[in-house]
Amino acid sequence: MSRTAAAAATMTLALLGLTGAVQAQTPPSAAQAAAPARQPADAATRASYDRADALSRSVFWAQEQQINPLDPAAGVKLSQALREMGQFDQAAETAQGVLTVQPANVEAMLEIGRAHIARGQAFYGIAALEQAKAAAPRDWRPLSLLGVAYQQVRRSDDAKAAWNEALRLSPDNPDILTNAAIARMGEGDAPSAEILLRRAAAQPTATLKVRQNLALSLGLQGKTAEAEAILRRDLPPEVADANLRWLAERTAAASAAAPVAATETAGPARTWSSVQGS
């Protein structure tokens with residue numbers, strides 16, 4: 001090859017190399033650019049999911065948390081939905097994660113307590129609930145939940161003190177009264193539970209759960225007619241029939257083994273909840 005041809009070849013290769021370098025540095029086209037990051041849902045959309053079922057809420061709030069892992073509201077709402085779906089361990093972990101981001105988040109503390117109570121391990125939720133009580137001393141909810149937690153770990157005196165303090169902050173609150181009444185039934189004291197539940201049921205904010213527990217307390221005392229009247233007002237006939245059968249079986253069993261029934265810990269309330277239909 002002549003010197004002229006070699007020089008031309010060298011020039012061509014250099015130009016090709018330069019062109020490749022320029023092409024490599026060319027930014028991608030608009031079509032190739034990454035899609036814009038997703039934005040959190042607006043307030044109206046978020047509020048609309050408060051009325052959705054637990055599964056739909058869990059999917060939505062999980063997506064919101066993926067968009068912004070530091071969003072405490074998304075974490076608390078996801079924890080609540082998971083708890084309602086029976087995924088108690090995951091619910092507790094999710095709420096605990098919120099406290100990592102926002103250590104003073106009272107709602108996350110309450111969800112930790114609720115999740116551990118729901119999974120039957122209230123001991124592990126007491127610290128978070130006591131922290132919530134200290135952080136929000138005028139809020140009745142930590143005290144009401146602490147009562148449930150204390151009762152579950154057999155600290156009955158502490159439970160009663162917590163509920164009394166909660167009622168001082170929120171007199172005749174049906175949720176507090178119902179929690180205290182369920183504990184009384186678990187101790188075999190249906191008459192005392194009835195008194196509390198009648199107070200709760202008389203409140204304008206009383207829920208179906210309150211009335212169903214009142215029916216339970218009445219049925220356990222053999223006041224079947226009044227219990228049946230409450231059940232048939234609130235429930236479809238087949239569900240009311242199932243509850244009445246359960247009450248009849250429970251009353252018969254209690255009559256045959258009263259000492260055993262008196263030592264049970266919240267057994268009636270838990271079994272009852274499986275047939276309430278609420």
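Atoms considered below: every heavy atom in the structure, side chains included; atoms not considered: hydrogens, waters and symmetry mates.
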Quiz: residues 172-181 side-chain donor-acceptor pairs under 3.5 angstrom, not counting sequence neighbours:
residue	atom	partner	partner atom	Å
D172	OD1	R199	NE	3.1
D172	OD1	R199	NH2	2.7
N173	OD1	D175	N	2.9
N173	OD1	I176	N	3.3
N173	ND2	S170	OG	3.0
T178	OG1	P174	O	2.7
N179	ND2	S144	OG	2.9
N179	ND2	D175	O	3.4

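Pairs engaging residues 89-128 under the ring pair (Phe, Tyr, Trp, His ring centres under 6.0 Å) rule: none recorded [sequence neighbours left out]. For residues 58-97, the set of pairs meeting the ring pair (Phe, Tyr, Trp, His ring centres under 6.0 Å) definition, not counting sequence neighbours, comprises Y49-F60.
Taking the side-chain hydrogen bond (donor to acceptor under 3.5 Å, both in side chains) definition, one finds that T224 meets it with nothing, sequence neighbours left out. In this view, D89 and R119 satisfy the salt bridge (Lys or Arg N to Asp or Glu O under 4.0 Å) rule, not counting sequence neighbours. Looking at residues two or more places apart in sequence or on another chain, you find no side-chain hydrogen bond (donor to acceptor under 3.5 Å, both in side chains) involving Q96. A search for side-chain hydrogen bond (donor to acceptor under 3.5 Å, both in side chains) contacts involving E228 returns R232, not counting sequence neighbours. Every residue two or more places apart in sequence or in another chain was checked for a salt bridge (Lys or Arg N to Asp or Glu O under 4.0 Å) with R184, and none qualifies. For Q121, there are no side-chain hydrogen bond (donor to acceptor under 3.5 Å, both in side chains) partners at least two apart in sequence or on another chain. By the salt bridge (Lys or Arg N to Asp or Glu O under 4.0 Å) test, R233 is found to be paired with no residue, residues two or more places apart in sequence or in another chain being considered. In terms of the salt bridge (Lys or Arg N to Asp or Glu O under 4.0 Å) criterion, residue partners of R83 (sequence neighbours excluded) are, by chain and number, E111.
Clustering of Ile, Leu, Val, Met, Phe, Trp and Tyr by side-chain heavy atoms under 4.5 Å joins V98 with V76.
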